Amino acid sequence: MHSLDFEEIVDRFYPMLYRFALSLARNEADACDLTQQTFSIWATKGHFLRDGSKAKSWLFTTLYREFISSRRREMRWPKEELSEVEHELPAAMPETVDCLESVQVMEALQSIDETFRAPLVLFYLQEHSYEEIAQILEIPIGTVMSRLSRGKLKLQQAFLNRQAQADANIIRMPMRRAAKEGEPSHG
Amino acid sequence: MDKQEAKVVLQALRPNDLNTHQPAVIEALVFVENDPELKAWWEAQQSFDRKVAEKLEKVPLPADLRTTILASRKISQITPQPHLALWVAAAAMLAFLCVAGTFMQISATGPLAQTDYNATVLPLLNHDAPALAMTSPDHDKIAAWLKEQNAPMGTLPAGMTALPTVGCQKFAVHGHTVSLICFVMAGGGLAHLFIVDQEALSDPPGNNAPEFNQVQGWSTAAWSDGHMSYLLATQAGSDALRGCL
């Protein structure tokens, strides 16, 4: 990107920034605040960034820092090695995703621990390589890899839990009706 | 590298993003080529990733978010960041104004006429680009900030409760605290609402219906409700203003 025109940058990045913010903040109002605040900082400081191609990383990094800052607590990033990751990774379940709405997928992502959620959402936004994710989150590349791996495992578990919950609801409904039918009538 | 380690590395890759100088990645890709089971696992994984990414891309965006961001920019843009020397000069000027302001407040007691009030607060809008102390599209956060600042916060007209906010500020005018809230109107322009205690005005606007005017290039609407008086101003024209109420 050669031009640093503000409106172009907003149009290009605000959907992804908002979705990243929504995954972090877990509610729409805070996600809007984070997104707006990020562009507000860009409006006042973005002109210092001469290389327009770095705008994307700058915006995501700024949003993430704003989120951390808004949390008002220090984040600890323990170093993780590849060997520390669970040995048995389950097979992926693409068909499970088909059954879910986009909002449900976001909810599943939001249910994952923040340590894994941030790299996972950046990965699925498809704008960043694992190297860029490492820069944005300011963690080592090996840590990004292990968190993506664990994060995907947790996401698959979250999908399975949702599916199990949905199945249970379907089974429970007729049982409730049957119980009601068995109740003695009053009056 | 064993198979599990290769899986961990592969989870971080996308088929269209394999450019890397990382030896571990190269090693994992070689592993895939020589292990059909791992290759099948990775293909399933990529299919899963692609579907999740597609769903994520469809997460709906708030309808007014883009407008709010662009409106905030308008304000930031016309309020440039001064250099250090200018900060020092501004600090000196601020100190002077504080001293001067103290004397002004002593001599300027009692309520203001509405015309004087308008003439004082409208220039604070700085040609549609007021300096805001906090920015948020969330009404609750605006209300919380004003409450924290002991600034007046009355009841908004029903039409304005649906408009996203850009931010807010508080001012001291003639010894009275005035709140300012900026909104994004349906057409995309800005509307600025001043709120002050009715006692600050010698001739507060009526309670029954807003009084519409043109003042210093602004379309304004003034009204009172309870103990508060309100002045709504926009440069987007009187029709847009009426549409807010």
Side-chain angles (χ1 to χ4, degrees), chain A residues 6-7 10-11 14-16 18-19 22-23 28-33 35-37 39-40 42-45 82-83 85-89 91-98 100-106 109 119 121 123-126 129-131 133 141-142 144-146 148-149 151-152 155-156, chain B residues 1-2 4-5 7-14 16-22 24-25 40-62 64-66 68-77 79-81 135-141 164 166-167:
Chain A
F6 184 78
E7 195 163 340
V10 171
D11 287 340
Y14 97 90
M16 287 174 288
Y18 168 75
R19 286 168 186 139
L22 184 61
S23 75
E28 184 180 314
D30 287 344
C32 286
D33 273 359
T35 311
Q36 189 180 331
Q37 182 65 15
F39 281 110
S40 175
W42 170 268
T44 54
K45 295 183 180 171
L82 297 185
S83 57
V85 177
E86 285 85 349
H87 287 294
E88 282 303 319
L89 294 171
M93 308 159 294
E95 65 283 355
T96 316
V97 189
D98 286 333
L100 299 172
E101 297 293 329
S102 59
V103 174
Q104 292 173 309
V105 170
M106 175 58 86
L109 283 163
V121 174
F123 177 85
Y124 283 127
L125 286 172
Q126 300 205 88
S129 67
Y130 63 88
E131 287 160 324
I133 294 171
I141 286 172
V144 170
M145 288 181 166
S146 61
L148 281 175
S149 185
K152 286 182 186 180
L155 183 63
Q156 287 164 15
Chain B
M1 177 179 284
D2 63 21
Q4 288 303 326
E5 286 174 338
K7 283 184 176 181
V8 171
V9 173
L10 292 168
Q11 297 251 39
L13 305 181
R14 294 187 206 92
N16 58 350
D17 179 31
L18 298 179
N19 293 333
T20 181
H21 303 294
Q22 295 287 325
V25 172
W41 172 87
W42 195 33
E43 281 168 2
Q45 184 63 57
Q46 286 175 330
S47 172
F48 175 84
D49 290 343
R50 198 163 43 246
K51 286 173 189 289
V52 174
E54 283 168 8
K55 296 283 180 180
L56 195 58
E57 204 177 1
K58 288 177 186 161
V59 170
L61 301 168
D64 50 17
L65 180 58
R66 181 181 179 277
T68 310
I69 292 167
L70 293 176
S72 303
R73 155 66 171 169
K74 196 177 174 189
I75 288 165
S76 306
Q77 192 178 30
T79 314
Q81 296 292 303
T135 58
S136 173
D138 186 338
H139 284 225
D140 292 341
K141 290 188 177 177
V166 177

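Because only heavy atoms are used, hydrogens play no part in the values below, and waters and symmetry mates are left out as well, while side chains stay in. As the structure is a prediction and not an experimental result, all values here were calculated from the model. Just so it is clear: chains get the letters A, B, ... in the order the sequence lines come, proteins before strands, and each one is counted from 1.
Of the possible polar contacts, one joining the A:Lys152 side chain to the B:Gln11 backbone as a donor-acceptor pair under 3.5 Å is found. With hydrogens and angles disregarded, a donor-acceptor distance shorter than 3.5 Å links the side chain of A:Arg19 to the backbone of B:Glu57.
To the nearest 0.5 Å, the span separating CD on B:Glu54 from CD on A:Gln126 amounts to 8.0 Å. Expressed to the nearest 0.5 Å, how far OG1 of B:Thr135 lies from CZ of A:Phe39 amounts to 13.5 Å. In this structure, CG in A:Leu109 is found 12.5 Å from NZ in B:Lys55, a value given to the nearest 0.5 Å. For the atom pair CG (B:Leu61) and CE (A:Met16), the distance works out to 10.5 Å, reported to the nearest 0.5 Å. A:Ser149 contributes atom OG, which lies 10.0 Å from atom CG of B:Leu10 (distance to the nearest 0.5 angstrom).
Here the shortest heavy-atom pairing between A:Gln36 and B:Pro137 reads OE1-CD, 3.2 Å. Closest non-hydrogen pair, B:Leu13 versus A:Phe123, comes out as O-CZ, 3.9 Å. The two residues A:Ser102 and B:Val59 make their nearest non-hydrogen contact at O-CG2, 3.8 Å. When every heavy atom of A:Tyr124 is checked against every heavy atom of B:Leu56, the shortest pair comes out as CB-CD2, 3.7 Å.
The side-chain heavy atoms of A:Thr35 and B:Arg66, taken from C-beta on, include no pair separated by under 4.5 Å.
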Trace of the side-chain contact (heavy atoms from CB on, under 4.5 Å) decision for A:Tyr18 with B:Ile69: CA-CA 11 Å; A:Tyr18 168 75; B:Ile69 292 167; over 6 Å; no
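With sequence neighbours excluded, the residues that form a side chain to side chain contact (heavy atoms under 4.5 Å, CB included) with A:Leu100 are A:Gln104, A:Val105, A:Phe159. When the side-chain hydrogen bond (donor to acceptor under 3.5 Å, both in side chains) test is applied to B:Ser136, the partners found at least two apart in sequence or on another chain are A:Asp33.
For the set A:Ala29, A:Pro119, A:Cys32, the count of heavy-atom pairs under 4.5 angstrom toward chain B peaks at A:Cys32.
Both the backbone and the side chain of B:Pro60 have a heavy atom closer than 4.5 Å to some heavy atom of chain A.
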